[in-house]
Amino acid sequence: MRPAHISAAVLSAVAALTLCAPAASARVVPDPMAAGERVTVGDDGRCTGEGTARARSTLFGTVPLRPSDRGRAGVATVARGATAGRYTVTVDCGAGGPRHTETVTVRGVRTAGMSVTQAAGGLALLVLVGGAAHVLRRTLKTYLWDARRGT
């Protein structure tokens with residue numbers, strides 16, 4: 001076999017193994033997050049059986065995980081006093097069950113204000129009102145001009 005063929009075979013094997021690597025054990029969305037933000041914590045279907053699964057972290061305490069379409073999931077609120085940094089979230093699958101962890105990132109504090117969607121909606125409304133005012137002005141100007149000329 002030529003060296004080029006060997007290299008191609010090795011690279012293909014590495015790519016296949018990378019794609020087959022397991023995903024994170026616990027799932028936290030969104031990540032990164034901000035203090036005071038609501039997050040969804042789940043097990044991605046890794047907890048089996050009828051035991052009571054729970055997620056816990058210094059960010060939000062302990063949250064029960066209920067059955068969902070992707071295994072078990074729960075909603076938590078990140079503590080308002082959380083500082084920027086990396087935190088561990090642990091999912092316990094019940095008595096004697098496996099334990100899964102995920103490291104999440106908190107970035108600064110949550111800012112009160114407009115989201116991108118709200119800003120885009122406001123801009124669209126402003127353009128719509130401006131366009132309507134322009135058309136109304138031109139129509140009124142034309143109407144008054146014609147009335148003066150007696151047309």
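Residue indices begin at 1 and follow the sequence shown.
- With a 4.5 Å cut-off on side-chain heavy atoms, Thr90 and Ser57 do not count as touching.
- Considering only heavy atoms from C-beta on, Phe60 comes within 4.5 Å of Val41 through its side chain.
- Annotation for Val39 and Pro30: closest pair CG1-CD, 3.9 Å, computed over non-hydrogen atoms.
- Among residues at least two apart or in separate chains, salt bridge (Lys or Arg N to Asp or Glu O under 4.0 Å) pairs with a member in residues 55-65 are Arg56-Asp92.
- When the salt bridge (charged side-chain N to carboxylate O under 4.0 Å, His left out) test is applied to Arg66, no partner is found at least two apart in sequence or on another chain.
- How far CZ of Arg46 is from CZ of Arg70: 10.0 Å, rounded to the nearest 0.5 Å.
- Contact annotation: the side chain of Asp44 never approaches that of His100 to less than 4.5 Å [non-hydrogen atoms, C-beta and beyond].
- Nearest heavy atom pair, residue Ala82 against residue Leu59, reads CB-CD2, 3.8 Å.
- Not counting sequence neighbours, the partners of Arg86 by the side chain to side chain donor-acceptor pair (under 3.5 Å) test are Thr105.
- Side chain of Asp31 to main chain of Val104: no donor-acceptor pair is present (N/O by atom type, distance under 3.5 Å, no hydrogens or angles).
- Rounding to the nearest 0.5 Å places CE of Met33 at 10.0 Å from OG1 of Thr40.
- A heavy-atom distance below 4.5 Å is found between the side chains of Cys47 and Val91.
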